[in-house]
Each structure stands twice: as structure tokens, then as C-alpha cells.
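First the structure, in the form of C-alpha cells, and then the observations on it.
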Amino acid sequence: MHDALWLNANLATMAGAVPYGAIRGGALAVTDGLISWVGPRSAWQDKARREYDARGAWMTPGLVDCHTHLVYAGDRAAEFELRLKGASYEEIARAGGGIVSTVAQTRAASEDELVRTAQVRLRQWLAEGVAVVEVKSGYGLDRETELKMLRAARRLQGLTVKTTFLGAHALPAEFKDRADDYIDFVCHEVMPLAQADAVDAFCEGIGFSPLQVEKLFIQAKKHQLPVKLHADQLSDLGGAALAAKYRALSADHLEYTSEAGVRAMAAAGTVAVLLPGAFYFLREKQRPPVEALRRHGVPIALATDNNPGSAPLTSLLLTMNLGCTLFRLTPEEALAGVTRNGARALGMQATHGTLEVGKRADLALWQIDSPAVLAYAMGANPNVGAVIGGKMRGEPRGGTPPVAP
Ligand code: DI6
Ligand code: FE
């Protein structure tokens with residue numbers, strides 16, 4: 001006996017050989033919060049305590065946003081205006097604006113205030129069928145505020161939160177011209193106290209050098225924390241290969257990554273996380289090497305990169321559209337990028353990202369005629385319900401909701 005059963009759903013399982021792993025006229029059962037049966041309705045012969053009629057809606061895995069900076073205080077609208085007048089993101093950062101201006105506001109905010117503002121932003125992720133969100137620290141750059149950000153992230157409600165310690169995001173003013181000392185401080189005085197699922201760094205001319213990142217990664221390995229990297233966003237410092245050397249879960253951005261970097265990622269099983277929102281908002285020209293990523297079989301994930309400076313983007317669905325229009329991903333690649341490969345970028349591929357027996361029952365329901373519509377419809381939200389750990393999240397809204405008989 002299964003706990004619950006969804007009938008009359010079209011399933012985009014994102015597993016198997018056919019496009020989207022699609023099963024039209026499918027059935028999916030859930031038991032103890034896990035998927036306990038998936039297949040065509042005609043093959044279902046078991047019993048379930050509760051039945052839901054999905055009325056022809058499409059069902060996908062709950063979406064995964066594997067790269068965000070969702071916890072922060074203040075905004076950077078003034079910086080946006082400066083950029084529109086011609087200043088570049090890098091110029092603003094070097095002049096003491098950029099990331100460190102958010103740091104000042106985040107240090108001043110209370111933990112409760114950070115939770116409150118992030119939870120308000122998060123409404124949109126919840127409304128768009130997102131089941132897992134990764135949240136980075138990195139706007140504290142001192143011990144107290146980095147830990148405060150991570151605590152705030154873990155307090156967010158309504159979905160699964162994965163936290164990443166991004167101490168090496170920017171150099172705080174108190175360490176001016178002492179980047180090596182700052183890395184030592186992060187390694188020895190913050191990382192040991194950071195409760196996080198992974199460690200990340202910004203490897204860039206305006207961030208940290210490959211050597212400094214390596215120091216951090218060696219320390220992360222000592223704490224048995226997997227690593228991720230903001231790599232090759234504005235220039236090619238060999239970030240992708242560096243991430244691969246440390247078996248990173250993911251290397252993110254990758255606009256300037258070389259073929260050699262892509263090859264190293266393929267060999268290491270490192271996921272490419274593409275962030276078209278930042279590319280768009282900074283009006284970048286250099287596109288990530290999508291063709292090479294495909295050729296070498298590197299899994300491609302897509303994420304919002306939600307942050308106040310380079311991507312004040314709150315929609316993972318719109319991110320799918322941007323991935324297709326700006327980076328020429330197919331709609332199927334875009335959906336894989338926010339399900340199967342997004343989960344892999346967080347090391348959650350055993351439990352999340354596809355509709356397969358044994359995986360967690362995080363599901364999203366959509367009023368659409370085909371799964372390509374998710375990437376096609378700009379700014380629309382066809383979500384009509386979500387199931388988190390086998391339970392319907394809130395009341396389904398809009399359209400013709402799936403209802404219990
Ligand atoms: N790359 C990004 O996209 C964000 N951090 C990073 O290293 C941007 C952070 C910001 O501008 O506030
Ligand atoms: Fe980022």
C-alpha cells in the first residue's frame with residue numbers, strides 16, 4: 001500500500017532515453033516521503049491511501065536552484081545606474097563599491113532581519129515549484145557575519161536549503177593589501193566554525209588568485225567539505241581546471257573557460273553551472289563554451305545566482321529562458337539544468353533531480369502542453385502545485401488545480 005498516488009499526469013522524469021524522460025498518461029506514487037512507483041497509468045496495479053487527479057498537468061522533479069546569494073541586506077540600484085552610465089562592474093568593485101558595499105549593510109543587519117528579507121524574496125522560488133535552493137555566505141567577510149549569514153540561510157522555510165561557505169568572496173577593507181592574511185584568517189578562524197555543506201571562492205582579478213583559492217580548497221578538504229568555484233566569469237585564470245583538480249562539485253559562470261578547462265571538468269565529473277542572469281545583467285559578451293561542454297559530456301546546470309550586484313534575478317523559470325536565448329541551450333537542457341544537473345551540482349543526485357523510485361518525493365506540477373513551455377514562456381508562471389517530501393505544499397493555485405477526489 002502506497003501513501004498517495006497521482007494519476008493523469010504527464011511525467012517529465014528527466015531520466016531515461018526519450019526526450020525529458022517523458023511518460024504521457026503516467027502515474028506516480030509516494031510512500032514515506034519517497035517516490036515509490038513511476039510509470040504509465042496502464043501499468044499501475046497497486047493501491048494507495050489517497051489519490052490525486054492531476055488532470056493532464058505535467059509533473060517534473062521539484063526544481064533545484066544550485067547557486068544563489070539569497071541572504072543579504074540592502075540593494076545596489078545606485079550601482080546599476082552607474083553601470084548604465086558606463087562604469088563597469090570591475091571598475092565599481094575596484095573603487096570600493098560592489099560586493100563590499102553589500103558587506104557593510106549585511107554586517108549591520110540582525111540575523112532576524114536577514115531571515116525576514118530572504119524569506120520574502122524566497123516566495124517567488126516557492127511559487128515556481130523550487131524544492132531545493134543553495135545559499136552562499138560571502139557578504140560578511142568577518143567571522144561573526146559569515147556565521148550569521150549561514151545561520152540565517154538554515155532558518156529559511158518551505159524547501160530544502162543547502163549552505164555554502166563563501167568566505168573568499170571579496171577582500172574586506174580591514175585586510176586591504178593583505179589578501180594572503182585574509183585567506184589564512186578564513187581558513188583558520190572562520191571555516192572551522194562554519195556549518196556549511198560546501199566551500200566556495202571567487203577566483204578573479206577582483207577576487208582571489210588561483211594560489212589563494214588552492215590554499216582554501218586544501219583546508220576545505222581537511223574539513224571534508226566539498227568545494228565549488230566562481231570560475232572564469234570575467235577573465236580566464238584557469239578556474240575551471242583548478243576546480244576540477246580539487247574534484248569540485250561544480251565550477252560556476254565559466255564564460256572565459258578554455259577547452260582545456262572543459263576537458264579537466266569532464267575528467268573530474270565537475271558540473272558546469274551556467275548563470276545567464278549575471279551575463280545578461282552585466283551585459284557580458286563572451287558566452288560560456290556550451291558546445292565544448294556538450295562535446296566533452298560535462299553536465300550543465302542553470303541557476304539564478306540571485307545577488308544584489310550582478311544578478312538581482314528572482315525567477316528560476318526566467319533563468320531557463322535566458323539560458324536558451326543567451327547561451328543557446330535547448331529547453332530540455334534548461335530543464336535538466338534546474339533538475340537533474342542542478343541536484344548533481346549540490347551532490348544530491350542520489351536523492352533529488354529526477355522522478356525515479358527511491359528519490360525524495362519533491363515534485364512540481366505545471367499547466368502546460370509540453371515541457372518546453374517552461375523555458376519558452378518568458379515571465380509566466382504555469383506552476384499549479386508542488387509536493388515536498390510527499391506532501392502538497394500549501395494550496396495549489398491558478399489554472400485547473402490537481403485535486404483530491
Ligand atoms: N560572482 C557573482 O556573480 C556574485 N559573486 C561573485 O563572485 C556577485 C556578487 C555581487 O556583486 O554582490
Ligand atoms: Fe555567484
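Sequence positions, counted from 1, serve as the residue numbers for this chain. Counting starts at 1 for both ligands and their atoms, in listed order. Remember, it's a predicted structure, so these values are computed and weren't measured experimentally.
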Determine, using heavy atoms of Thr102 and all atoms of ligand 1, whether some pair is separated by less than 4.0 Å. no
Short N-O contact, Arg328 and Glu291, less than 4.0 angstrom: no
Given the options Arg154, Arg155, Lys148, Glu111 meets salt bridge (Lys or Arg N to Asp or Glu O under 4.0 Å) only with Arg155
So the atoms of ligand 1 within less than 4.0 Å of a heavy atom of His69 turn out to be 4 (C), 5 (N)
Ligand 1 atoms nearer than 4.0 angstrom to some heavy atom of Asp305 are 2 (C), 3 (O)
> Under a 4.5 Å cut-off applied to non-hydrogen side-chain atoms, are Trp37 and Leu5 in contact?
Replying inline: no
Numbered in order shown, the ligand 1 atoms found under 4.0 Å of a heavy atom of Phe202 are 7 (O)
Near Ser310 (heavy-atom distance under 4.0 Å), the atoms of ligand 1 are 2 (C), 3 (O), 4 (C), 8 (C), 11 (O)
query = Does the side chain of Ser250 come under 3.5 Å of the side chain of Asp252 through a donor N or O and an acceptor N or O?
reply = yes
Of Phe208, Phe281, Tyr139, the residue with the heavy atom nearest atom 9 (C) of ligand 1 is Tyr139
Note: heavy atom closest to atom 5 (N) of ligand 1, options Arg76, His230, His169, Glu79, belongs to His169
Ligand 1 to Ile99, heavy atom cutoff 4.0 Å, flagged ligand atoms 9 (C), 10 (C), 11 (O), 12 (O)
Salt bridge (Lys or Arg N to Asp or Glu O under 4.0 Å) filter on Arg344, not counting sequence neighbours, yields none
